[in-house]
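Read the numbers this way: they start at 1 and go in the same order the structure lists the ligands and their atoms.
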Amino acid sequence: MKNIAIFVSGNGTNCENIIKHFAGSRDVRVALVVSNRADSYALTRAARHNIPTVVIPKSEFGNEAVLMDTLHRHDICFIVLAGFLLMIPDFLVKAYDHRMVNIHPALLPKYGGKGMYGHHVHEAVKAAGEKESGITIHWVSDVCDGGEIIAQYSTPLSESDTPEDIAAKVHALEMRHYPETIEKALASL
Ligand code: GAR
């Protein structure tokens with residue numbers, strides 16, 4: 001059994017979708033949900049599925065002993081970032097090299113980097129008049145949104161799409177593709 005942890009900061013729709021995907025799996029268990037925010041709704045979602053949760057606030061996130069002890073206690077071999085908004089400290093990038101994935105709600109390398117998250121991304125895509133957007137699933141490296149790309153999926157945009165419409169199209173791709181991409185990445189470990 002491979003134990004994975006999901007790191008989240010906010011609502012947690014991706015987190016819950018991944019939990020549901022692996023529920024009943026004989027190979028993969030979502031063993032822990034980690035949030036930097038005690039008010040993250042993802043924690044409520046995880047608890048509903050009886051998944052252990054832990055809050056590690058921003059001030060503690062650079063503390064190697066705290067983070068690594070937590071992950072070792074739950075025997076975590078793979079980390080999934082799902083709307084996690086803190087920078088990942090170097091020690092964690094190194095410890096989980098090619099064992100930590102992120103999802104970004106745009107077609108990287110466009111619309112990535114610091115400050116580019118959630119609605120900021122979709123507003124930038126709209127302002128640029130892009131004809132398409134999509135999702136990028138990538139390995140986590142020491143460069144924000146700069147790790148090696150595992151998979152990308154795109155969706156056409158129309159001129160009348162609002163940033164909210166773009167967000168909805170991108171979200172549909174996330175729901176459809178993130179769990180299966182994680183499953184494939186885990187199978188190749
Ligand atoms: C998702 O759209 C994810 O791609 C994005 O945050 C949202 C989280 O939603 N991540 C980033 O913008 C990272 N830069 P959720 O909490 O409902 O899964």
Asker: Can you pull out every ring pair (Phe, Tyr, Trp, His ring centres under 6.0 Å) where at least one residue sits in residues 101-121? Sequence neighbours excluded, please.
Answerer: Y117-H120

Asker: Show me the pairs that pass ring pair (Phe, Tyr, Trp, His ring centres under 6.0 Å) and involve residues 162-189, at least two apart or across chains.
Answerer: Y153-H177

Asker: In Å and rounded to the nearest 0.5 Å, what is the CG to CG distance from N36 to L85?
Answerer: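 Going from the CG atom of N36 to the CG atom of L85 covers 7.0 Å.
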
Asker: Who passes side-chain hydrogen bond (donor to acceptor under 3.5 Å, both in side chains) against H138, sequence neighbours left out?
Answerer: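 Applying side-chain hydrogen bond (donor to acceptor under 3.5 Å, both in side chains) to H138 gives N102.
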
Asker: What residues come within 4.0 Å of ligand 1, counting heavy atoms only?
Answerer: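 Residue list for ligand 1: N11, G12, T13, N14, G83, I103, H104, P105, M116, Y117, G118, E174.
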
Asker: Supply the atom-to-atom distance L71 CG to L92 CG, rounded to the nearest 0.5 angstrom.
Answerer: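 The CG atom of L92 is 6.5 Å from CG of L71, to the nearest 0.5 Å.
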
Asker: For the residue pair F84 and F7, categorise the inter-ring angle as parallel (less than 30°), tilted (30 to 60°) or perpendicular (more than 60°).
Answerer: perpendicular

